[in-house]
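Because the structure is a prediction, the values reported are computed rather than measured. Numbering of ligands and ligand atoms starts at 1, following listing order.
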Amino acid sequence: MTQHLKHFIEGVSVEASDGARMGLVSPISEDRYATAARGTIEDVDRAVGAARTQLDRGEWSRLDGSQRGRLLNRLADLVERDTNALADMDANAIGRSPFEPRMMDVPNAIANLRAAAGWANQLEGRTIPTGGYMGVKTLSYTVREPIGVVGAILPWNSPLMITTWKLAALLAAGCTVVVKPAEETPQSALHLARLCQEAGFPDGVVNVVTGYGDVVGRALCEHPDVAKISFTGSPEAGRAIQRIAAPLFKRVTLELGGKSPQIVFDDAQFDAALRGCSMGLFVNQGQVCAAGSRILVQRGIAQRFATALAEAANAVVVGDPRQPGVQMGPVAKKAQFERVNRYIRQGLDEGAELLAGGVSTPDKGWFVKPTIFANASNAMSIAREEIFGPVGTIIGFDTEEEAIALANDSEYGLAATVWTTDLARAHRVAGAMKVGAVGVNCWSPLDANLPWGGLKTSGIGREGGIAGAVAYTEEKVITILLPS
Ligand code: NAD
């Protein structure tokens, strides 16, 4: 029998108000393997109501930071207990090898929850000296209060890890939430919500409504009782959310796309740079916001590097990721498959040199070949637009100044990597990057204590670190008159 997933509202699994369902399709077999409730505006209203009640007068509203921290630590233990199950859910839903979520996503999720447990009682106010009020001394201080009910709207590429970026921080801050997972990947968010219940979070603190962005996502953005939207996804949806949120003065954090450069200088450790560039291109089939898809290589080593990267691409074993020895599964959905192939055709039309891979035409499953273009220019669409697939574009440069100019010539500004053994150059180039995060001799280091987010089209705001939890609070100032 096909598995069916329901919303999780106020601690109970419920169907959509009109009973509607949507299908979940395997990227490997293209078969429908499960269904999920297709959320309605009424479902969102019900979930927001539950979250609002807990926030205003529920048991949750009476817990202090250390009690919230204890619950977060318990939740982290339960996620650790269910590591394999959670990794399998995310892997099966998008056709990824379970090895990657076991090694990266779930440990990162646990780290996010444990770090946030420590922040929960550190969201402190300030005492601010002033000149007093009308000649009378005053005491002014601030407190940090939970921002309110949060709508957390999620992508499909790394579902559990990104859910915990948001959940850990907002729960530390004392908020409540309605989670809207991507339509392709509701499983791990629903499981996490049930683990919240098992950990002892009061029902109604964490709610999940499954369904489509233009209904459930939109209803969350429009709901008057949702104070903040925390969104990770495409710039197109980010713009739509901004348009709804702006007249309502709703707070937003937007974690959007990227076209991140990996700059390889001729003094770099060749093999380390090669490994880092392969990883930045092929992990999760390239469906990573920080994918290092623009590879800028100094001309002295460009030919050799391009040949070696093409060999690495050709060596990747593509197939059913559940089979031993397979390194890369299909991309997550049909639209993504078509998008990747479209960009590969554009790269060929624009005159880039195809060194590995190319347009894919599998019999079944959305498998694409790891693809490398060389001798490209930064003006080509394959260098400017986010492909979100295993496609790398190599561009040559001569000088450090040229590398910096090329790297920054992008509408995106999420991440960059610098490969060099020259310490001064590493500092100079890292300092010049117009991005939210730079890795020097390492591609995209992630850590629960580090801020993550982008500039320009890559988004607004930061997640991670204690500042990520502060972003779910409002600072209130209180002034007390102290007559002598
Ligand atoms: P998407 O924008 O299509 O969907 C993301 C979520 O938004 C889904 O839950 C979807 O249902 C919802 N949604 C879509 N339209 C909406 C609307 N009008 N109103 C409200 N909600 C709406 O993105 P995707 O394809 O799931 O994810 C891929 C994108 O996410 C890429 O651009 C990638 O770079 C980005 N991403 C960014 C980060 C980061 O940290 N910066 C991390 C992961 C993914």
Side-chain angles (χ1 to χ4, degrees), residues 22 24 27 36 38-39 41 44 90 93-94 104-105 108 112 151-166 178-186 188-189 208-223 226 229-245 250 252-260 283-293 331-340 343 385-389 410-415 435-437 444 446 450-464 468:
M22 59 186 188
L24 306 184
R38 198 170 83 199
I41 295 172
V44 170
D90 278 1
I94 64 166
M104 292 187 291
D105 299 45
N108 265 312
N112 290 341
I153 304 179
L154 299 161
W156 43 263
N157 63 329
S158 189
L160 178 76
M161 189 182 80
I162 295 175
T163 307
T164 59
W165 268 350
K166 301 184 189 309
V178 179
V179 176
K180 191 266 186 246
E183 30 281 63
E184 298 81 7
T185 52
S188 59
V208 179
V209 178
T210 58
Y212 291 112
D214 56 355
V215 178
V216 176
R218 190 185 173 94
L220 273 175
C221 297
E222 288 176 342
H223 202 290
V226 173
I229 295 292
S230 180
F231 172 77
T232 301
S234 63
E236 298 75 40
R239 282 191 192 97
I241 288 168
Q242 279 271 69
R243 277 196 290 272
I244 300 171
K250 209 159 273 201
V252 290
T253 297
L254 302 174
E255 301 287 354
L256 309 177
K259 191 74 195 176
S260 299
V283 161
N284 201 8
Q285 283 85 280
Q287 301 165 126
V288 178
C289 55
S293 52
V331 294
K333 51 184 178 176
K334 189 166 181 225
Q336 201 55 35
F337 174 78
E338 288 165 353
R339 179 187 171 104
V340 175
Y343 275 111
E385 294 169 29
E386 185 180 41
I387 299 174
F388 224 49
S410 172
E411 72 168 292
Y412 292 104
L414 187 60
V435 299
S444 195
L446 274 187
L450 297 176
W452 181 256
L455 277 54
K456 301 188 271 183
T457 303
S458 294
I460 295 175
R462 295 290 180 272
E463 296 188 304

* Do side-chain atoms of T185 reach the backbone of A93 as a donor and acceptor pair under 3.5 angstrom? -> no
* 4.0 Å protein heavy-atom contact status of atom 4 (O) of ligand 1, strictly under -> no
* **Evaluation steps, side chain to side chain contact (heavy atoms under 4.5 Å, CB included), between L446 and W165** => CA-CA 11 Å; L446 274 187; W165 268 350; 3.8 Å; yes
* To do: May I ask you to check if ligand 1 and N157 share an N or O to N or O distance below 3.5 Å?
  => no
* Asked: Among protein heavy atoms, which sits nearest to atom 37 (C) of ligand 1, and what does the distance come to when rounded to 0.1 Å?
  -> L256 O, 2.9 Å
* Short side-chain donor-acceptor distance under 3.5 Å, K259 and S410 -> no
* Structure fact -> If we number the atoms of ligand 1 from 1 as shown, the ones under 4.0 Å from a heavy atom of W452 are 39 (C), 40 (O)
* **Numbered atoms and elements of ligand 1 in range of T232, under 4.0 angstrom, heavy atoms** => 5 (C), 36 (N), 37 (C), 38 (C), 39 (C), 42 (C), 43 (C), 44 (C)
* Structure fact -> Under 4.0 Å from one or more heavy atoms of C289, ligand 1 contributes atoms 34 (O), 36 (N), 37 (C), 38 (C), 39 (C), 40 (O), 41 (N), 42 (C), 43 (C), 44 (C)
* Asked: Sub-3.5 Å donor-acceptor pair from the side chain of K166 to the main-chain atoms of I153, do we have one?
  -> no
* pair W452-C289: side-chain heavy atoms closer than 4.5 Å -> yes
* Structure fact -> Here the atoms of ligand 1 under 4.0 Å from any heavy atom belonging to I162 are 42 (C), 43 (C)
* **N/O donor-acceptor pair under 3.5 Å between D90 side chain and L160 backbone** => yes
* To do: Check each heavy atom of E255 against ligand 1 and say whether those closer than 4.0 Å belong to the side chain, the backbone, both or neither.
  => both
* So, do V340 and Q285 sit near enough that their side-chain heavy atoms are less than 4.5 Å apart? -> no
* Does K250 reach the main-chain N or O of I229 with its side chain, forming a donor-acceptor pair under 3.5 Å? -> no
* **Contact with ligand 1 for P181, non-hydrogen, under 4.0 angstrom** => yes
* Relative to the heavy atoms of G217, which atoms of ligand 1 are at a distance of less than 4.0 Å? -> 20 (C), 21 (N)
* Any idea which protein heavy atom is nearest atom 12 (C) of ligand 1, and the distance to it? -> I153 CG2, 3.6 Å
* Under 4.0 Å to a heavy atom of F231 - the qualifying atoms of ligand 1, by number -> 2 (O), 5 (C), 6 (C), 7 (O)
* Which atoms of ligand 1 have any heavy atom of A237 under 4.0 Å away? -> 2 (O), 14 (C), 15 (N), 16 (C)
* **ligand 1 contact on L220 by region, counting heavy-atom pairs under 4.0 Å** => neither
* Shortest reach to atom 13 (N) of ligand 1 by a heavy atom, considering only G238, G257, A291, G213 -> G213
* Side-chain (E184) to main-chain (K333) donor-acceptor, under 3.5 angstrom -> no
* D214, any N or O under 3.5 Å of ligand 1 N or O -> no
* To do: Considering heavy atoms of the protein only, find what lies nearest to atom 28 (C) of ligand 1 and give residue, atom and distance to 0.1 Å.
  => F388 CE2, 3.5 Å
* Which atom names give the shortest non-hydrogen contact between P159 and T163, and what distance separates them? -> O-OG1, 2.6 Å
* Taking N or O atoms only and a 3.5 Å limit, does L154 qualify as a polar contact for ligand 1? -> yes
* To do: Specify the protein heavy atom at minimum distance from atom 32 (O) of ligand 1: its residue, its atom name, and the distance to 0.1 Å.
  => E386 OE1, 2.6 Å
* Which part of E236 is near ligand 1, with near meaning a heavy atom under 4.0 Å away: side chain, backbone, both or neither? -> neither
* **Atom pair OG (S188) and CG (D105), whose distance is rounded to the nearest 0.5 Å** => 9.0 Å
* Within-cut-off N or O pair, E183 and ligand 1, under 3.5 Å -> yes
* Structure fact -> atom 24 (P) of ligand 1 has as its nearest protein heavy atom W156 NE1, 3.4 Å
* Pick, from S234, G233, P159, the option with the minimum heavy-atom distance to atom 2 (O) of ligand 1. => S234
* To do: List the atom of W156, the atom of I94, and the distance in Å for their closest heavy-atom pair.
  => O-CG2, 3.5 Å
* Asked: Below 3.5 angstrom, do we get any N/O pair linking Y212 and ligand 1?
  -> no
* Asked: Backbone N or O of G468 within a donor-acceptor pair of the R462 side chain at under 3.5 Å?
  -> no
* **Inter-residue atom distance Q336.CD - I387.CD1, 0.5 Å rounding** => 10.0 Å
* To do: Verify, without hydrogens or angle tests, whether Q242 (side chain) and A237 (backbone) share a donor-acceptor contact under 3.5 angstrom.
  => no
* Is the side chain of K180 donor-acceptor paired with the backbone N or O of G211 at a distance under 3.5 Å, no angle test? -> yes
* Which residue owns the protein heavy atom closest to atom 27 (O) of ligand 1, what's the atom, and how far is it? -> P155 CB, 3.6 Å
* At the 4.0 Å heavy-atom cut-off, does A182 count as touching ligand 1? -> yes
* Can you sort out which atoms of ligand 1 are near A240, meaning under 4.0 Å from one of its heavy atoms? => 18 (N)
